[in-house]
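Atoms within a ligand are numbered from 1 in the order they appear, just like the ligands themselves.
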Amino acid sequence: MKINTMGLGYIGLPTSIMFAKHGVEVVGIDVNEKVIESLNSVQIHIEEPGLQDALEEVVEAGLFKASLHPEPADAFIVAVPTPRKQDQSCDLKYVISAVESILPVVSQNNTIIIESTIEPRTMDDVIKPLFESHGYTIGEDLYLVHCPERVLPGNIMYELIYNNRIVGGITEECCIAGEKVYRTFVEGEIIKTDAKTAEMSKLMENTYRDVNIALSNELTKICNELSINVLDVIEMSNKHPRVNLHSPGPGVGGHCLAVDPYFVISKARETAELIQLSRDVNNSMPSYIEENIVNLLNKVDGNKLTILGVTYKGNVDDIRESPALEIIKRLSENHDFQITIHDPHVNLPYIEKDINKATADADLIVVLSDHNEFKNIELEDNNQNKDMLVFDTKNIVKTAGEDLSIVTLGTLHEYLKKELVLQ
Ligand code: SAJ
């Protein structure tokens, strides 16, 4: 089997390499020449455990190459980004241009799979007509499938193999063709359904998570108002066999949870009330964190602040839709603090890679990503301001040097109340 993968990002690249690892000849296509050059020099351009080794293996075996142009193949997988438009709906421009670029090389009996996250009904209302307008009968000449990606960044190489996979075909024959492609390496269940059910299921998985995180974020605000430790409440409630309160934090980021619910909202604006409200609650967290950073800095009577972590979650290098960026923007625009930023996973000009330099004389350290490196914060002694405080918004810091006090979202109320007593 020969496959073309359109888009070599966080999903397309691991998927391509996984097919190649299982004996499939893969051509990975991307519009970015730098990405093509890097991959053909056997160097991955994103951070994902196990991916670099796997690339080396498949290039060595002659089963993977990167290219700017699609080639005739048995199957085509589209894994390009689907950004959000200004009106919150799904921007299909990259999906459509990927489909248009494969049309000249597509031939009878090919399977075309869209993995990119799309709004419900996109396959039926947009993608299918595109192929039909070129004279193809779907389910007879070509097989068209939506097979949403559902792997967790940071654990992609494992989840690609062991997760269940939804194959949403335009017809029954399309489902069978799609299943055949993924059986190459998928060990999980392959569930066959129609395209629109697959589209909505994918969006609901991330919406479920977003709504549940919103519940915990709202609970955090309520508990701090009522002087209750929200983290203790969550731990207690989760002892119940049918309760799974999620973790509160500085907001919801990444290209999935912070985007996908809008693709449901945009198709049912009047009806999707709870989903919209949850988005609003999660979007309000950066300002809640900003407000409390101000409170804490007032308490320690300081203005020197160090941010630890800018990625949307721990142990990844992805900063897309990261709440940390919104918090940094707010802090820089609305206040006159001295801000230093450290992240061991991100290389950008404004990032100080040395944690000791980044925290030198800081009054307040704010942890915004739950990287493993932040579990135990060890700073050089002469680097520590004696009143230095750590505000851990992710509840990740276990130890932070003897003199450092740690405040979490659960103990904010307690710490800030102490200030009132002192005054
Ligand atoms: N977060 C919380 N509290 C939680 C869990 C997460 O605040 O209890 C935050 C994270 O810090 C992050 C955001 O939510 O900012 C999203 O993180 P995540 O780990 O929930 O998910 P993603 O975006 O990395 O990956 C999700 C996964 N979806 C589900 O678990 C339902 C993944 O399986 C999907 O493949 C991926 O979206 C995707 O591509 O759609």
Side-chain angles (χ1 to χ4, degrees), residues 7 9-15 46-49 79-84 90 114-119 146-160 162-166 188 198-220 230-231 234-235 237-238 243-264 278-279 281-286 288-289 309-327 345 367-371 374 392-396 408-409:
Y10 284 94
I11 300 302
L13 181 59
T15 302
I46 53 173
E47 191 181 295
E48 181 60 37
V80 293
T82 41
R84 191 160 38 111
C90 175
I114 309 290
E115 283 207 16
S116 306
T117 305
I118 46 182
E119 284 173 355
H146 177 51
C147 183
E149 61 81 11
R150 297 145 90 210
V151 285
L152 193 72
N155 197 26
I156 292 182
M157 298 307 273
Y158 175 87
E159 292 204 356
L160 271 176
Y162 295 101
N163 280 5
N164 298 332
R165 211 70 219 221
I166 302 175
E199 291 162 332
M200 189 60 114
S201 309
K202 156 73 194 188
L203 295 172
M204 268 308 118
E205 291 164 5
N206 285 341
T207 303
Y208 163 86
R209 213 156 151 80
D210 195 52
V211 170
N212 276 285
I213 297 167
L215 183 62
S216 292
N217 281 337
E218 183 166 285
L219 180 66
T220 300
V230 70
L231 300 174
I234 291 172
E235 196 185 332
S237 301
N238 285 348
V243 174
N244 177 23
L245 284 171
H246 287 38
S247 306
V252 167
H255 193 62
C256 308
L257 268 66
V259 176
D260 292 2
Y262 291 116
F263 295 172
V264 181
S278 304
R279 284 279 66 237
V281 169
N282 287 334
N283 284 339
S284 76
M285 290 312 283
Y288 185 72
I289 299 298
V310 290
T311 58
Y312 82 95
K313 68 173 188 177
N315 308 320
V316 297
D317 65 351
D318 192 342
I319 57 169
R320 288 178 297 176
E321 315 275 334
S322 173
L325 299 181
E326 170 72 14
I327 292 167
H345 294 261
V367 178
L368 296 178
S369 312
D370 42 355
H371 294 314
F374 301 154
D392 176 12
T393 68
K394 298 293 289 186
N395 195 26
I396 174 88
T408 64
L409 287 176

Of all the non-hydrogen atoms in the protein, which one sits nearest to [atom], and at what distance?
{"atom": "atom 3 (N) of ligand 1", "value": "S247 O, 2.7 Å"}
{"atom": "atom 24 (O) of ligand 1", "value": "Y312 OH, 2.6 Å"}
{"atom": "atom 1 (N) of ligand 1", "value": "I213 CD1, 3.4 Å"}

>> Is the shortest side-chain heavy-atom distance between L257 and N206 below 4.5 Å?
In response: yes

> Are side-chain heavy atoms of N238 and H246 found at a separation under 4.5 Å?
Replying inline: no

Does [X] reach ligand 1, in the sense of a heavy atom lying below 4.0 Å from it?
{"X": "C256", "answer": "yes"}
{"X": "K394", "answer": "yes"}
{"X": "E321", "answer": "no"}
{"X": "G254", "answer": "no"}

Closest contact, heavy atoms only, [X] versus [Y]:
{"X": "R84", "Y": "F263", "result": "CA-CE2, 4.4 Å"}
{"X": "M157", "Y": "P14", "result": "SD-CB, 4.1 Å"}
{"X": "L245", "Y": "S237", "result": "CD1-CB, 3.6 Å"}

Are the side chain of [X] and the backbone N or O of [Y] linked by a donor-acceptor pair below 3.5 Å?
{"X": "S116", "Y": "V80", "answer": "yes"}
{"X": "S369", "Y": "H371", "answer": "no"}
{"X": "N155", "Y": "E159", "answer": "no"}

Identify which of [options] has a heavy atom lying nearest to [atom].
{"atom": "atom 40 (O) of ligand 1", "options": "R150, E149, K202", "value": "K202"}
{"atom": "atom 29 (C) of ligand 1", "options": "L245, D210, N206, N212", "value": "N206"}
{"atom": "atom 13 (C) of ligand 1", "options": "G253, S369, P323, P153", "value": "G253"}
{"atom": "atom 34 (C) of ligand 1", "options": "V151, L152, T117", "value": "V151"}
{"atom": "atom 20 (O) of ligand 1", "options": "R209, H246, H255", "value": "R209"}

> Rounded to the nearest 0.5 Å, what separation is found between the CE atom of M200 and the CD1 atom of I166?
Replying inline: 12.5 Å

> Any N or O of K313 that comes nearer than 3.5 Å to an N or O of ligand 1?
Replying inline: yes

